[in-house]
Amino acid sequence: MKTVIEPFRIKMVEPIKLTTREQREALIRKAHHNPFLLRAEDVIIDLLTDSGTSAMSSEGWGAMMRGDESYAGARSWYRFRDTVKDIFGFEQVIPTHQGRAAEHILFSVTVKPGSIVPNNTHFDTTRANIEFVGGKPLDLPCAEADDLDSDYPFKGNMDIAALEALVAEEGPENIPVIMVTVTNNSGGGQPVSMANIRAVSRIARDAGIPFYIDACRFAENSHFIKQREAEFKTTPVIDIAREMFDYADGCTMSAKKDAFGNIGGFLCTNDAALAHQERNILILTEGFPTYGGLAGRDLEAIAVGLREILDEHYLDYRLFSTRYVVEHLRTAGIPVMAPAGGHAVYLDARRFLPHIDSLQYPGQALAVELYIEAGIRAVEIGTVMFGADPHTGEEHPARLELLRLAIPRRVYTQSHMDYVLEAIGRVWERRENIRGMRIIKAPRFLRHFTARFEWV
Ligand code: F0G
């Protein structure tokens with residue numbers, strides 16, 4: 001069959017409140033033209049994030065009823081730990097309430113003031129957690145990532161030559177951790193190849209530097225490897241994932257992504273002494289090492305989600321559904337990042353609205369128009385998010401002006417995506433009349449969450 005169906009049936013639904021264009025104009029004005037400030041119930045299709053927004057299965061919900069809420073040594077903890085060990089392969093598993101808590105603990109014990117932590121591209125919480133302890137996060141994306149149009153299959157790769165040069169120049173003593181984020185969220189949800197992971201691992205091991213994977217979307221990345229790297233064409237995805245982690249010394253994970261969790265995360269390592277230090281911080285900030293900020297029922301749900309995410313029929317559908325949107329946009333001549341990534345569609349706002357200067361936030365303008373047009377919520381990844389220096393207040397255009405439409409897992413159907421495509425098409429038709437925006441009020445740090453905007 002040519003038609004790729006959603007490989008699940010829907011047995012519980014959450015009604016969507018429909019609104020009129022006039023209502024949405026008033027609602028977005030009240031939200032100061034910042035979609036983060038809307039009430040979620042006033043959104044028709046919510047593509048703000050794929051994090052914690054996925055639909056759990058009947059197995060997942062069933063497992064929650066089994067949750068053992070004992071403070072220490074609960075059954076649910078062992079189920080969670082054994083599942084993580086089986087897939088990720090690390091000796092030490094430390095549960096956290098979400099990904100950024102794992103990052104915070106890892107960097108608290110490994111990063112010193114002045115240390116450099118390279119990554120293909122740091123996610124913003126990773127970057128902020130390194131800076132918080134005085135380290136310097138450094139992005140080393142491969143050169144192919146710069147061309148938004150090319151079909152290069154692994155635009156999430158790290159620049160291997162740049163990493164080698166960095167290690168040679170700075171010395172392993174100044175680089176406590178080398179990281180690779182799979183898939184590369186801030187770089188368009190693009191995958192990292194196994195060849196690239198092997199190369200990073202070799203450099204890290206030769207230099208004696210621990211290599212960590214930011215594993216949030218590890219299953220999507222593994223499936224991309226299966227589809228695009230000839231060597232893995234017939235390898236089960238779970239074995240691809242295992243091999244990927246085999247090259248690493250540890251990982252950080254947000255179970256809100258590729259574990260179908262509404263909350264949760266973990267930190268792994270093979271270093272028992274390091275894990276001991278990490279657990280001491282865990283007890284201080286998250287909780288006892290057998291629950292780490294999670295309820296027993298959350299541990300159960302994640303244990304189920306980690307198995308379900310590796311179902312190859314699900315992964316076929318997942319990657320197809322993102323590609324479906326991207327290919328339709330490309331056919332219509334609408335500028336979008338190619339090829340399709342795993343969890344999100346990234347509109348190229350700079351080319352969508354070429355008449356709007358970066359300092360008038362084309363991505364934000366597009367976000368507002370998409371909400372007004374059809375009640376769709378997406379997030380600007382451009383000058384609003386990255387353009388201001390929090391210390392000087394100065395603004396510079398970001399490297400890319402993108403609008404990210406992140407697709408929650410198993411939540412929306414193809415007809416929802418057709419609606420999204422129609423809405424983007426209608427905004428595209430009237431793009432010349434869209435105006436830029438200015439900020440009327442914003443905090444210094446992470447301003448995109450709460451900034452207030454007006455049209456220029
Ligand atoms: N690393 C990556 C690559 C992420 O995408 C995220 C979260 C985190 C770490 C942090 O995990 O939210 O559980 O603390 N990304 C979400 C997003 C928020 O919308 O992309 P967390």
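Order of listing sets the numbers, starting from 1, for every ligand and every atom in it.
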Q | Nearest protein heavy atom with distance in Å, relative to atom 10 (C) of ligand 1 | A | T125 OG1, 3.5 Å
Q: Could you give me the CA-CA distance, side-chain angles and deciding distance for I44 and R24, then say whether side chain to side chain contact (heavy atoms under 4.5 Å, CB included) is met?
A: CA-CA 10 Å; I44 295 176; R24 292 192 292 272; 3.7 Å; yes
Q.
Can you tell me if E59 has over 12 outside heavy atoms packed within less than 6.0 Å of its CD?
A. no
Q.
Tell me if a side-chain donor or acceptor on R404 pairs with a main-chain N or O of L48 at a distance below 3.5 Å.
A. yes
Q) Where is the nearest protein heavy atom to atom 21 (P) of ligand 1: which residue, which atom, and how far? A) Q98 NE2, 3.3 Å
Q | I263, I381, N185, T96: member with heavy atom nearest to atom 20 (O) of ligand 1 | A | N185
Q: Quick one: look up the protein heavy atom nearest atom 8 (C) of ligand 1 and list residue, atom name and how far away it is.
A: F123 CD2, 3.4 Å
Q. What atoms of ligand 1 come within less than 4.0 Å of a heavy atom belonging to K256?
A. 13 (O)
Q) Y412 vs H416 aromatic rings, parallel, tilted or perpendicular, using cut-offs 30° and 60°? A) perpendicular
Q: Check ligand 1 against T181 and write out every atom of the ligand that is under 4.0 Å from a heavy-atom position of the residue.
A: 3 (C)
(Q) Closer than 4.0 Å to some heavy atom of G99 - which atoms of ligand 1 meet that? (A) 11 (O), 13 (O), 14 (O), 21 (P)
(Q) Among all protein heavy atoms in this structure, tell me which lies nearest to atom 13 (O) of ligand 1, with the distance rounded to 0.1 Å. (A) S254 OG, 2.7 Å
(Q) Please report whether ligand 1 has a polar contact with T126, defined as an N or O pair separated by less than 3.5 Å (distance criterion only). (A) no
Q. Does R404, backbone or side chain, put an N or O under 3.5 Å from an N or O of ligand 1?
A. yes
Q) Using 4.0 Å as the upper bound for N to carboxylate O, is an ion pair formed by R409 and E220? A) yes
Q: Measure the distance from atom 1 (N) of ligand 1 to every protein heavy atom, then report the residue, atom name and distance (to 0.1 Å) of the closest one.
A: D214 OD2, 2.7 Å
Name each donor-acceptor pair under 3.5 Å that joins a side chain in residues 157-164 to protein atoms two or more places apart or in another chain, with its distance.
from, atom 1, to, atom 2, distance (Å)
N157, OD1, S193, N, 2.9
D159, OD1, A161, N, 3.2
D159, OD1, A162, N, 3.0

Q.
Suppose we measure from atom 12 (O) of ligand 1 to each protein heavy atom; which comes out shortest, and what is that distance?
A. R100 NH2, 2.8 Å
Q) Is the closest N or O pair between R217 and ligand 1 shorter than 3.5 Å? A) yes
Q. Is the shortest distance from a heavy atom of C216 to ligand 1 less than 4.0 Å?
A. yes
Q) When the ring planes of Y314 and F260 are compared, do they come out parallel, tilted or perpendicular, using 30° and 60° as the limits? A) perpendicular
Q. Starting from atom 7 (C) of ligand 1, which protein heavy atom do you reach first, and at what distance in Å?
A. K257 NZ, 2.6 Å
Q.
When you compare the side chains of D418 and Y324, does any donor N or O come within less than 3.5 Å of an acceptor on the partner?
A. yes
Q: Could you tell me whether ligand 1 has any atom less than 4.0 Å away from a heavy atom of E103?
A: yes
Q: Please tell me if the side chains of I376 and Y419 come closer than 4.5 Å, counting only heavy atoms from C-beta onward.
A: yes
Q.
Taking salt bridge (Lys or Arg N to Asp or Glu O under 4.0 Å) as the definition, give me every residue that meets it alongside R279, ordered by chain and number, with sequence neighbours left out.
A. none
